[in-house]
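First comes the structure, then the notes that go with it.
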Amino acid sequence: MATGSLSSVPKRFLMVEDFSCTCCLEQNLTESADIYCEQCLRFYCKKCVILHSQLFTKHMTCGREDIKKWPVSKAVEDFLRKCEVHEDETLTQFCHDHSQLCCSACVGTIHSQCSKVTQISELTNTQPSGLEGLSVELETVLGEIKTLQISQEASIQSLQRTYNEHREVMIEQMCGNLNTYIDECDNNSVGTSGGNEQYLKEEICRNVVSIVNEFDNITAKELNEMKDEVISIKGSVTSSIHKCTSVHNDLSQFHEIVPKIGDHKQLCLIASIKCKHIIQQALTLLGKSGKAFNVQSNTKHNVRIPSDSDKCLITGICVLTDGQVLVADRRNERFKLLNQQYQVVSHCGVAEYVRDMCQITPSVVAVAVDDYNNTHNVQFITVTQSQLTLGRKLELQHGCTGITCHQGDLFICSGTALFKYTLYGKQVCRLYEDRSSVNTVEKCAVSPTGDRLYITNCSHDKLHTLARDGTLLATYTDPALRDPFGVHVTPAGQVLVCGNYSDTVQQVGWEGQSKLATLARREDGVRSPWSVFYSSTTSSIIVGQLGRDNILVFRVE
């Protein structure tokens, strides 16, 4: 894909120029240096070093295999010291409040109110400045970003291919219906003559037109909606590919520069700080953020409406691109759309129990509905101008207790198994199963890169982490997390899980093995939390509860 190719490198990502031969530069020529002379303090290319060796036989020289002994080139030093905000300024200071390098202009504007800003020259005596291991870390993350980009490009092709296949099936189905009907008419017309034959022909024409019109009115409309979903998902994935390309180029640039810095303390420190910042950006893209949320405040908001017949049970939450919040109220069998102030502005009802929901595109969500009996399906809902419209429905042959989506793939929990489906209802495979009890595979969430799946096992108080192919990678348990129910993964890969019986909301590490923080508990007003969602728009964690008319909103940083 041309738009996402790593060969399409913008000018600002071009590698810093290599060491050049000093003699050639004096003749307005540019040749890459291969030798550095410590006595001459000059660089020589393969051609010029011959004459140098003849004239100065006792001079000690260093080849590229000892490049760490070479002085830092002006190009490298200028690149490292340049402020990214004020490009004409040089980095001279470090803000401890923001962990950022800054120039004098930054200090006078952006960091004027910060409590501690230190000269870089002072830090070199107190901070470790070595670059040991940094090249290895850069190389590792570079590989992971490249792998992610390849996976994203493949997912776009797979999504388009799946849509094309589904469209062909729908058209073939219509043609099959027409052929079947015409064959039946041919069989029924045997022996027919006169006026009856003319009537039969007219009846056939009417019914054929009816079949075609039904395709146009229903199937074609559904295909158009699916096409819009494909376009939206492809756009989102392409945007992610561009981010990967940008970060990959930044990482490559520093991977090239780090070996050329040598033992220059200030430049080592600057490079180390910059590299760690870029590596953190890469880890966020990879869904491996290790940052724990810090709760700043919490509020509660009433989501009950006059026509509700029972206490609310919020089993699913989605925050839309515009900041509106869609919640699934299972007990009152309806969806409620909340504005940015968490006030109900619209709602629509369904006949079955709503169990969970996930976002497909900025305006489309998929809802798991199940009545514990014969109804197991996925209901699609479109949100347009604060109005909710029920769309197509996928009928399933198994339970439907939880649902999540990643780039056109649907992952559906049955209560005891996790299935993978296409966006159009074709079952791809059963990824995982646990029949040791009921509710062993209740809810699910997927990492931003799609390589890890998290499922809650209510029966055994466990959170399982699976690989993309369903392989069990990790199991998390905690006495303070009883009956884990709702689970959600943020865009940075932070895993949030609700403890229904323990009245807690925890943050678990992306690897699914360790607790990073208890974000909310009974003292904060939490009672039987069933659903959780992180809003990037407001930096808030929204919690839905059992038998409560309020949702809880925790502001975090």
Side-chain angles (χ1 to χ4, degrees), residues 313-318 328 330 350 352-360 365-381 393-423 425-447 450-477 481 483-489 495-500 508 512 529-533 544 546:
L313 170 49
I314 307 302
T315 55
I317 304 171
C318 274
R330 173 170 151 181
V350 290
E352 303 88 3
Y353 277 2
V354 291
R355 305 290 294 274
D356 196 9
M357 67 166 66
C358 68
Q359 193 163 7
I360 306 297
V365 299
V367 183
V369 293
D370 196 306
D371 68 351
Y372 295 102
N373 191 13
N374 299 318
T375 300
H376 321 289
N377 59 56
V378 176
Q379 173 71 64
F380 288 81
I381 300 177
K393 185 183 293 185
L394 306 179
E395 301 290 343
L396 306 178
Q397 300 303 311
H398 55 73
C400 188
T401 62
I403 187 168
T404 192
C405 179
H406 182 263
Q407 296 177 358
D409 291 326
L410 287 176
F411 300 94
I412 300 174
C413 300
S414 70
T416 56
L418 178 68
F419 295 88
K420 180 179 177 180
Y421 278 80
T422 68
L423 196 57
K426 179 182 178 181
Q427 186 182 124
V428 178
C429 62
R430 180 191 286 111
L431 285 169
Y432 177 84
E433 188 170 29
D434 181 357
R435 292 188 171 276
S436 63
S437 183
V438 295
N439 304 325
T440 54
V441 186
E442 185 67 23
K443 295 287 188 74
C444 58
V446 63
S447 67
D451 61 341
R452 293 178 304 281
L453 292 151
Y454 305 91
I455 58 174
T456 52
N457 182 332
C458 303
S459 295
H460 302 129
D461 295 338
K462 295 177 179 179
L463 173 70
H464 296 301
T465 303
L466 311 178
R468 193 192 305 267
D469 62 0
T471 302
L472 181 63
L473 298 176
T475 296
Y476 172 75
T477 60
L481 186 70
D483 189 30
F485 206 76
V487 61
H488 172 68
V489 182
V495 183
L496 309 177
V497 60
C498 298
N500 177 34
V508 178
W530 270 44
S531 54
V532 62
F533 199 96
L546 165 65

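Positions are given from 1 along the sequence. Values reported hereafter were calculated over all heavy atoms of this structure, with side chains retained and with hydrogens, waters and symmetry mates removed.
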Is it true that a side-chain atom of Asp370 and a backbone atom of Cys400 form a donor plus acceptor pair closer than 3.5 Å?
yes

Sequence neighbours excluded, every pair satisfying salt bridge (Lys or Arg N to Asp or Glu O under 4.0 Å) that has a member inside residues 425-438
Arg430-Glu433, Glu433-Arg435

Using salt bridge (charged side-chain N to carboxylate O under 4.0 Å, His left out) as the criterion, list what pairs up with Lys462, not counting sequence neighbours.
none

For Cys498 versus Leu481, what's the shortest heavy-atom pair and its separation?
C-CD1, 3.9 Å

Closest non-hydrogen atom pair between Cys413 and Lys443, with its separation
SG-C, 3.6 Å

Looking only at atom types and distance, does a side-chain atom of Thr401 sit under 3.5 Å from a main-chain N or O of Glu442, one as donor and one as acceptor?
yes

Considering all heavy atoms, the nearest Val495-Tyr454 contact:
CG2-CZ, 3.6 Å

Please name the pair of heavy atoms, one in Cys458 and one in Phe485, separated by the smallest distance, quoted to 0.1 Å.
SG-CD1, 3.4 Å

Before we go on, tell me: are the rings of His398 and Phe419 under 6.0 Å apart, centre to centre?
yes

For residues Arg355 and Tyr353, is any side-chain donor paired with an opposing acceptor at under 3.5 Å?
no

Do you know the tightest heavy-atom contact between Arg452 and Leu473?
CG-CD1, 4.4 Å

Ignoring hydrogens and geometry, is there a side-chain-to-backbone donor-acceptor pair from Asn377 to Leu394 under 3.5 Å?
no

Establish, from distance only, whether the side-chain atoms of Ser459 and Asn457 form a donor-acceptor pair under 3.5 Å.
no

Exceeds 12 heavy-atom contacts within 6.0 angstrom, atom CD of Glu395
yes

